[in-house]
Amino acid sequence: MLSPAPVVPVILAGGSGTRLWPVSRDSLPKQFQALIGDHTLYQDTLRRVSDRTLFAPPIVLTHEDFRFFARRQASDLGMDVTVALEPTRRDSGPALLAAAMIAQRLAGESCLVLALAADHIVLDEQLFVDACRTAAIAASDGRIVTFGITPTEPSTAYGYIRPGSETGQADARVVDAFVEKPDQKTATGYLADGYLWNSGNFLFPAGLLIEEAERFEPEIVASVREAVELAVEDLGFIRLDARAFASSPAKSIDYAVMERTSRAAVVEGRFRWSDIGSWDALRGVSESDASGNVTHGPVTLLDSHNTFVHSDGPLVAAVGLDDVSVVATEDAVLVMPAHRSQDVKALVAKLKSDGHNAASEHLKAHRPWGTYQTICRGERFHVKKIVVEPGGRLSLQKHYHRAEHWVVVKGTAEVTLDGKVFEVRENESTYLPLGGVHRLANPGKIPLELIEVQTGSYLGEDDIVRIEDVYNRS
C-alpha cells in the first residue's frame, strides 16, 4: 500500500561519534565510514529509503565540515539529495524542525517526514520498509510516530518505550512513557513487561511536529523559522542563517516534544537494529568465529576468545586474549576490556584536554578536492602525500613562512604560480617559493597524486592566505 502523503526522509548526519575513537573522530565521524560492508553508514541509510513508491528524495542535515562528504557519497550511489547545513550544533530539536520546514517547502505542507540518524545499522531492510509503511498510515491520522525496537537482551545502553493502548490505526500504539537508560535489573523487568528499545527515529506530519513544538518550545520554533526563511543557497547547499539558528535553545527532540506531547505513538520495528554507540555494539552486529572472536582488517589471533579486533591498516597479532577489544589505526591504538567500551568518550575527552591532536584529527585529512596525509615531519620540514580528485581545485593561496616542492607521482597537475599556468606530469616536479601565489588543480580523469615537501620556519595549516576558493571556504 502506498503512503497517504509523500514521505520525505530526513537524514541527520552531523554527529561526531567519539565512542568509536580512534576510527571515528571529529574530522571524519563514523557515519561517513564503512564499518560494516562496502558502504558507509550514511550510504546504507540512504539506500534504505531508495524506494520511490514510498519515499521522496532525501534531505540531509549536516555540519559545514561534512557537506562535501554528504553530497559525494550520495552521488556515488547515484542519488540526488538536498543538503542543508547547520551553522552550529543545537541538538536534534532545532535540527528536525528546520528539516520539517524545508520538507514543507519541497514536498508541500501536508508531507510526512521520516527522521533517521545517519549512523545507525539496520540489518533487515524489508522489515524496516514495512514498519515505515505502517508508521506512515498512523502519522497520516495525526500521530508523531517513533520506532520501538523489539529488544534482544536487557540492554542498559538504550532508552525504553512503554507501549500503551492501540491507536486504531495499523499496528501503532499510544506511547505511555519514555524511560531513560536503566540498570541491569530494571532492564530485565522492562523486557518482561513488553517495553521496546527507543531507536530515536521518527515519522510524523511536518506540520504537526512544528505545531506541537510551538506549544512547548515557541522560542525554538521562532529561531528556526527565521533561520529557514533567511537561508541562502551556496554551491547548491541550503545554508541556514547562522545568527538566527544560534539563537535557538539547544534541546533534543525527545525533551522538546516527544516526552510532552499527547500525540506520540509507537510502531514496533522487528528489524535488527543498532545505534552503533560503542565498539561493543558494533561487535554485537558482526559475525564471529568459532571462538567468539570478531576481526576486521589484517588481524591474526592465537589462543584468543570473545575478542574484538579492528584494524584500519597495521597488522594486529595477539596471543591469549579473552574478552578484550583492540582498535588500531595508522596513528593510534585503543586497548580495553570489552565491557568498558562506553568509557571511550571519557578517554577522548582526556586526550583532548592533554592536547593530543589524534583525539580529533585523522592522519589523513579530507578536503572538498581530495585528501592529504603526513608521511614525515621534523622541526623545519613536513612531507605529505596529496591526492586531488578529477576536477578538484585547491584554493589560490600563498604562505608567509614556508616554501614547497611538488613531485607528481601519478596523473597530471595543473599548476598556477604568480599568474602563470603550466602542467607538471608524472616524475616531474616544481618549486613554489615562499610568498608565491599558487594553485594546484587536477584537469585529468584519474586522481592526481603528488608528494609535497614543505620547508620553512613555521609549517602550521593556518599559514594559508586564501585569495580565491571555488568551495567558498573562509
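No experiment lies behind these values; they were computed from the predicted model shown.
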query: Looking only at side chains, do Ser278 and Asp280 share a donor and an acceptor under 3.5 Å apart?
result: no
- prompt: Any luck finding a side-chain donor-acceptor pair between Arg439 and Gln397 under 3.5 Å?
  reply: no
query: OG1 of Thr134 to CG of Asp171: how many Å apart, nearest 0.5 Å?
result: 5.5 Å
field: Phe308 vs His296 side-chain heavy atoms within contact, under 4.5 Å
entry: no
query: Looking at Val285 and Ser274, what are the two nearest heavy atoms and their distance?
result: CG1-CB, 3.8 Å
query: Stepwise, does the side chain to side chain contact (heavy atoms under 4.5 Å, CB included) test hold for Glu259 with Val175?
result: CA-CA 9 Å; Glu259 295 183 5; Val175 172; over 6 Å; no
- prompt: Within the side chain of Gln43, is there an N or O that forms a donor-acceptor pair under 3.5 Å with the backbone of Gln73?
  reply: yes
- prompt: Yes or no on side chain to side chain contact (heavy atoms under 4.5 Å, CB included) for Val388 and Thr371, after CA distance, side-chain angles and deciding distance?
  reply: CA-CA 7 Å; Val388 184; Thr371 64; over 6 Å; no
- request: For the residue pair Arg72 and Asp76, establish whether any side-chain heavy-atom pair is separated by less than 4.5 Å.
  value: yes
message: Would you say that Lys345 contacts Trp21 through its side chain, given a criterion of any heavy-atom pair below 4.5 Å between the two side chains?
response: no
- prompt: With a distance cut-off below 6.0 Å to the six-membered ring centre and an angular limit of 45° from the axis, does Arg71 pair with Phe237 as a cation-pi contact?
  reply: yes
message: Could you check whether any side-chain N or O of Arg473 sits under 3.5 Å from a backbone N or O of Arg466, counting only pairs where one atom can act as donor and the other as acceptor?
response: no
- prompt: Quick one: are Val344 and Thr18 in side-chain contact, heavy atoms under 4.5 Å?
  reply: no
task: For the pair Arg239 and Glu64, evaluate salt bridge (charged side-chain N to carboxylate O under 4.0 Å, His left out) and give the outcome as yes or no after the intermediate values.
output: CA-CA 9 Å; Arg239 191 178 292 278; Glu64 164 92 12; 2.3 Å; yes
query: Quick one: do Asp44 and Arg47 make a salt bridge, cutoff under 4.0 Å?
result: yes
message: Checking side chain to side chain donor-acceptor pair (under 3.5 Å) between Tyr160 and each of Trp197, Tyr190, Tyr195, which is the one that passes?
response: Trp197
query: Do Thr40 and Gln31 have side-chain atoms, one donor and one acceptor, less than 3.5 Å apart?
result: no
task: Kindly say whether Lys385 contributes a backbone atom to a donor-acceptor pair with the side chain of Gln373 at under 3.5 angstrom?
output: no
message: Could you go through Tyr471 and Phe68, starting from their C-alpha distance and side-chain angles, then the distance that decides it, and tell me whether this counts as ring-ring contact (aromatic ring centres under 6.0 Å, His included)?
response: CA-CA 9 Å; Tyr471 306 109; Phe68 291 102; 5.4 Å; yes
message: Is any side-chain heavy atom of Arg48 closer than 4.5 Å to one of Leu116?
response: no
field: Donor + acceptor pair across side chains of Thr374, His382 (<3.5 Å)
entry: yes
Closest non-hydrogen atom pair between Val408 and Ala413, with its separation: CG2-CB, 3.9 Å
- prompt: Would you say Leu209 and Ile253 make side-chain contact, with heavy atoms under 4.5 Å?
  reply: yes
query: Between Asp463 (side chain) and His401 (backbone), is there a donor-acceptor pair under 3.5 Å?
result: yes
query: Using the ring of each side chain (for Trp, its six-membered ring), is Trp369 parallel, tilted or perpendicular to Tyr372, with breaks at 30° and 60°?
result: parallel
- prompt: Between Ser395 and Asp469, does any side-chain donor sit less than 3.5 Å from a side-chain acceptor?
  reply: no
Worked check of side chain to side chain donor-acceptor pair (under 3.5 Å) between Thr62 and Glu86: CA-CA 6 Å; Thr62 190; Glu86 291 179 274; over 6 Å; no
- prompt: Do Arg25 and Thr329 have side-chain atoms, one donor and one acceptor, less than 3.5 Å apart?
  reply: yes
message: Can a side-chain donor-acceptor contact be found between Glu452 and Gln454 if the only test is distance below 3.5 angstrom?
response: yes
- request: Could you tell me how the ring of Trp279 sits relative to the ring of His310: parallel (under 30°), tilted (30 to 60°) or perpendicular (over 60°)?
  value: tilted
message: Distance check, rounded to the nearest 0.5 Å: His399 atom NE2 versus Leu432 atom CG?
response: 7.5 Å
query: Does some side-chain heavy atom of Leu114 sit less than 4.5 Å from a side-chain heavy atom of Val49?
result: yes
- prompt: Are side-chain heavy atoms of Asp119 and Ile276 found at a separation under 4.5 Å?
  reply: no
field: Any donor-acceptor N/O pair, Gln33 side chain to Val23 backbone, under 3.5 Å
entry: yes
Short side-chain to backbone donor-acceptor contact, Ser304 and Leu302, under 3.5 Å: yes
